[in-house]
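Contents: one structure, followed by commentary.
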Amino acid sequence: MMHETVRWLGTRSAYAVGAVAAIAVLAAVGCSGGRNALKEKALGTYKTTMQENKSFEVYGLQTAARSSAPETLQILIDGAAERGYDISYQALLGLVDRPEPGAIDALRAAYQEKRGALKQIAALALAKTGDEDAKSWLAAQLDDPAANPSPEILVFLAKAGEDEPVRKLLSNRIAGENEDLRDMAYAVLGEICTPWAKQMLLQGLEREHGARRKEAIAGIGKCADPEMVDKVVPFTNTQGLVFATIEALGQMGGEKALQTLTSLKLDEPLAEVYIGAALWKLGDKEGALAKLQPLLDSEDVTVRVNLAEQLAPLTDPEVHGMLEKLATDSDKNVRVTAIRALREHGGPELQAFFVERAKDADYEVSTIATEALGAFADASVLETLRPMLENDNPYVKIAAANAILEIADRTSPKAKG
């Protein structure tokens with residue numbers, strides 16, 4: 001009798017385990033089905049909203065360029081084949097640095113069929129994957145006066161060994177009368193930062209006058225060379241160049257830069273913003289905090305906007321607290337700048353914060369926060385995002401659709417496995 005009872009209990013236990021397993025399977029299937037339905041709705045919303053007008057289509061492509069979802073990659077591939085310049089340009093730009101097989105095919109087709117700047121973008125993307133024909137074609141553009149290669153192409157070619165033709169082209173631009181081309185040249189030189197590039201930046205600093213020296217100083221700062229500090233120190237007291245010079249010193253590093261910044265007595269809140277951010281970059285966090293924290297409550301909106309901008313490149317966790325405060329500022333421009341910085345440097349620890357920011361009345365803040373959620377939020381956020389697909393603002397709808405696609409793809413059982 002006892003054995004029968006034990007066997008009955010064992011059988012009942014087995015039935016129970018089987019029932020639980022069956023329920024779990026059904027739940028998983030239901031969850032998977034619900035998730036797939038949500039993904040289909042999100043993708044449909046994404047595409048139909050883009051079709052409403054060109055501005056929404058451009059924003060959709062820009063969002064897709066920052067997205068990790070496979071569905072948005074296809075949106076870029078489809079856009080690259082469009083005849084319209086603006087749409088094709090944005091799509092091709094989004095495919096640069098995305099060497100997936102389907103993207104490579106689209107880039108090769110564009111390289112063969114497009115002309116001008118569109119062909120250049122396709123060639124740049126292919127050259128970055130190691131395509132020698134595309135690289136050679138780009139290099140040939142340096143000798144064509146009508147080609148006007150973009151800054152990204154010049155930087156790529158210089159770093160890929162085409163030093164001499166890039167150097168010649170930039171030298172001609174700096175010697176020319178077109179101020180926009182000169183400024184572009186200084187920006188490119190600041191990205192290249194070879195010995196010859198640094199020398200050309202110093203030549204530009206001598207050639208330009210007054211506030212026109214700003215771009216050359218910015219380029220020198222990007223090179224982060226303490227040996228060049230003495231060349232920019234004299235401009236810390238030059239009207240129109242003070243902020244650019246302080247920012248450059250913060251990037252250049254070295255004891256001379258730190259001494260210069262700590263000795264500056266400008267007695268102006270906006271200057272304190274730049275000095276504080278520069279001190280932080282140079283490792284003097286205590287001195288930086290003493291200048292920056294009081295400015296969080298400045299009554300001057302310009303000061304708060306610039307504070308958010310200067311904090312943006314800093315990735316220290318201590319900076320997040322200040323940016324979070326600015327992201328709830330009463331001024332929309334301050335909120336946008338701060339939330340954009342947090343999107344770039346934040347992670348899962350800020351999920352709850354971004355969920356709240358996604359509800360912001362200003363659509364720019366809402367879309368930036370929603371994009372951030374797409375990058376790192378877990379599946380619990382999907383139901384929060386679902387109603388946003390019905391939002392009155394098209395940009396919010398696209399951002400929410402993209403976030404749903406990214407989260408669903410990243411947190412799917414297949415992705416986890």
Side-chain angles (χ1 to χ4, degrees), residues 97 151-163 166-167 170-171 173-174 182-208 211-238 240-264 266 271-289 291-292 306-319 323 341 344-345:
D97 297 319
E152 294 81 5
I153 290 173
L154 295 176
V155 171
F156 169 78
L157 289 174
K159 293 185 176 181
E162 300 290 340
D163 281 49
V166 172
R167 181 177 181 173
L170 292 175
S171 179
R173 287 187 175 182
I174 287 176
R182 297 209 304 271
D183 288 345
M184 185 185 295
Y186 299 137
V188 170
L189 291 167
E191 296 293 334
I192 298 173
C193 283
T194 55
W196 62 261
K198 294 177 184 178
Q199 188 59 41
M200 288 177 68
L201 282 167
L202 293 177
Q203 291 172 359
L205 192 62
E206 292 180 5
R207 182 219 161 124
E208 305 293 350
R212 283 286 313 144
R213 289 189 166 105
K214 181 179 177 180
E215 300 304 326
I217 291 173
I220 291 171
K222 289 179 183 177
C223 289
D225 184 354
E227 298 298 320
M228 301 176 78
V229 168
D230 286 335
K231 301 296 184 180
V232 301
V233 165
F235 302 107
T236 53
N237 292 306
T238 302
L241 296 175
V242 176
F243 298 153
T245 304
I246 292 172
E247 197 166 14
L249 289 171
Q251 295 170 313
M252 296 166 79
E255 191 61 31
K256 179 65 180 290
L258 182 59
Q259 290 176 355
T260 301
L261 290 169
T262 52
S263 65
L264 285 177
L266 299 176
E272 294 289 278
V273 169
Y274 282 81
I275 294 172
L279 289 175
W280 199 297
K281 294 172 187 174
L282 294 175
D284 183 7
K285 294 184 180 180
E286 184 177 349
L289 285 170
K291 292 182 178 295
L292 298 177
N306 278 268
L307 178 56
E309 288 176 348
Q310 288 300 303
L311 289 174
L314 308 179
T315 57
D316 303 63
E318 299 97 319
V319 173
L323 284 171
E344 299 302 318
H345 305 306

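As the structure is a computational prediction, the values presented were derived from the model and not from experiment.
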Checklist entry - Can Asn237 and Leu266 be said to form a side-chain contact (heavy atoms from CB on, under 4.5 Å), step by step? => result CA-CA 9 Å; Asn237 292 306; Leu266 299 176; 4.2 Å; yes
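Note that OG1 of Thr262 is 7.0 Å distant from CG of Leu279, once rounded to the nearest 0.5 Å. Remark: Gln203 CD to Ser171 OG distance equals 7.0 Å, nearest 0.5 Å. Taking CD1 from Ile192 and CG from Leu170, the interatomic distance works out to 5.5 Å, rounded to the nearest 0.5 Å. Between Leu323 atom CG and Glu318 atom CD the span is 12.0 Å, to the nearest 0.5 Å. Atoms CD1 and CD, from Ile275 and Gln310 in turn, are 11.0 Å apart once rounded to the nearest 0.5 Å. The distance from atom NZ of Lys291 to atom CD of Glu286, rounded to the nearest 0.5 Å, is 12.5 Å.
With sequence neighbours excluded, no residue forms a side chain to side chain donor-acceptor pair (under 3.5 Å) with Gln259. Every residue was checked against the side chain to side chain contact (heavy atoms under 4.5 Å, CB included) condition with Pro226, not counting sequence neighbours, and none meets it. Under the rule for a side chain to side chain contact (heavy atoms under 4.5 Å, CB included), the partners of Ala312 that lie at least two apart in sequence or sit in another chain are Ala341. Applying the side chain to side chain donor-acceptor pair (under 3.5 Å) criterion to Asp284, with sequence neighbours excluded, gives no partner residue. By the side chain to side chain donor-acceptor pair (under 3.5 Å) test, Lys214 is found to be paired with no residue, residues two or more places apart in sequence or in another chain being considered. Applying the side chain to side chain contact (heavy atoms under 4.5 Å, CB included) test to Thr315 and every residue at least two apart in sequence or in another chain returns His345. For Phe243, the ring-ring contact (aromatic ring centres under 6.0 Å, His included) partners are Tyr274, not counting sequence neighbours. Checked against side chain to side chain donor-acceptor pair (under 3.5 Å), Arg167 has no partners two or more places apart in sequence or in another chain. The side chain to side chain contact (heavy atoms under 4.5 Å, CB included) test applied to Ala160 returns Lys135, Phe156, not counting sequence neighbours.
Of all the heavy atoms in Gly221 and Ala248, the pair that sits closest is CA-CB, 3.8 Å. Taking each heavy atom of Gly204 and Ala216 in turn, the nearest pair found is C-CB, 4.3 Å. Heavy atoms only, all atoms of each residue included: Thr238 and Pro234 are closest at OG1-O, 3.7 Å. Annotation for Ala278 and Gly250: closest pair CB-CA, 3.7 Å, computed over non-hydrogen atoms.
For the side-chain hydrogen bond (donor to acceptor under 3.5 Å, both in side chains) condition, the pairs that include at least one residue of residues 219-232, sequence neighbours left out, are Lys198-Asp225, Asp230-Lys256. Listed by first and then second residue, the side-chain hydrogen bond (donor to acceptor under 3.5 Å, both in side chains) pairs that reach into residues 184-194 are Tyr186-Glu208, Thr194-Trp196, sequence neighbours excluded. Applying the salt bridge (Lys or Arg N to Asp or Glu O under 4.0 Å) test to every pair with at least one member in residues 240-255, sequence neighbours left out, gives no pairs at all.
Considering Met184, Glu162, Lys159, Arg173 in turn, Arg173 is the only one that fulfils the side chain to side chain contact (heavy atoms under 4.5 Å, CB included) rule with Leu154.
Using a 4.5 Å heavy-atom threshold, the side chains of Leu249 and Val233 count as touching. Within the 4.5 Å cutoff, the side chain of Val232 has heavy atoms near those of the Met252 side chain. Between Leu261 and Leu258 the shortest side-chain heavy-atom distance does not fall below 4.5 Å. You'll find the side chain of Leu205 reaches within 4.5 Å of the side chain of Ile220, heavy atoms only. At least one side-chain heavy atom of Leu314 sits less than 4.5 Å from a side-chain heavy atom of Lys281. When side chains are defined from C-beta on, Leu292 does not count as touching Leu289, because their heavy atoms never get closer than 4.5 Å. Side-chain contact between Thr236 and Leu241 is absent, with no heavy-atom pair separated by less than 4.5 Å.
Side chain of Arg207 to main chain of Ile174: a donor-acceptor pair is present (N/O by atom type, distance under 3.5 Å, no hydrogens or angles).
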